[in-house]
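Have a look at the structure below before the remarks.
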Amino acid sequence: MVKAKEFVARIGITQKELAEKVGVKPETVYKWAAGTNTPTYDVIYQLKKMGMTDYELFGEVFAEQEEFYMKRVLKATDRFLDDLGIKINTTKETL
C-alpha cells in the first residue's frame, strides 16, 4: 500500500496534484493508497525523484512482497542515478 496521503501531506500537495505530476488519473493514486494497485516502474521513478521514500512507496507490505517491489525499486534507483551521471549496478544490498 502506497502511503500517498502521508507523502502529499509531507510535500504540501493534494493526491489529485500528485496524480497530475506523475501523469496518472487521481483514481490511480487512490487505488495505490487503498492497496488495490501498485505504481509502474516509470511512476516509481517519478515518485522517487519527487522525494518519496521506499517506506512511503511500499509501507509494511514491502517485506511481504520484497522481491517484486525490490526489482521496481532497483530499476527506478538505477535510472535516477544514471540521470545524475552516476553509473552503478544497484543491488538490494547496496540500497
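Just so it is clear, the structure is predicted and the values come from calculations on it, not from any experiment.
- Rounding to the nearest 0.5 Å places NZ of Lys3 at 4.0 Å from OH of Tyr55.
- In terms of the side-chain contact (heavy atoms from CB on, under 4.5 Å) criterion, residue partners of Ala19 (sequence neighbours excluded) are, by chain and number, Val24, Pro26, Val29.
- Within the structure, side chain to side chain donor-acceptor pair (under 3.5 Å) pairs that include any residue of residues 6-20 comprise Arg10-Glu56, Thr14-Glu17 (at least two apart or interchain).
- Between Met52 and Val2 the shortest side-chain heavy-atom distance falls below 4.5 Å.
- Side-chain contact check for Val43 versus Trp32: some heavy-atom pair is nearer than 4.5 Å.
- For Lys21, the side-chain contact (heavy atoms from CB on, under 4.5 Å) partners two or more places apart in sequence, or in a different chain, are Ile13, Met50.
- To the nearest 0.5 Å, atom OG1 of residue Thr38 and atom CG of residue Leu57 are 10.5 Å apart.
- Under the 4.5 Å side-chain heavy-atom criterion for ILVMFWY residues, a single connected hydrophobic cluster contains both Ile11 and Ile44.
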request  = Step by step, work out the side chain to side chain contact (heavy atoms under 4.5 Å, CB included) result for Thr28 and Lys25.
outcome  = CA-CA 5 Å; Thr28 302; Lys25 295 178 182 179; 4.0 Å; yes

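- Atom OG1 in Thr77 sits 11.5 Å away from atom CD1 in Ile86 (nearest 0.5 Å).
- Sorted by first then second residue, the salt bridge (Lys or Arg N to Asp or Glu O under 4.0 Å) pairs that include residues 33-48, not counting sequence neighbours, are Asp42-Arg79, Lys48-Asp54.
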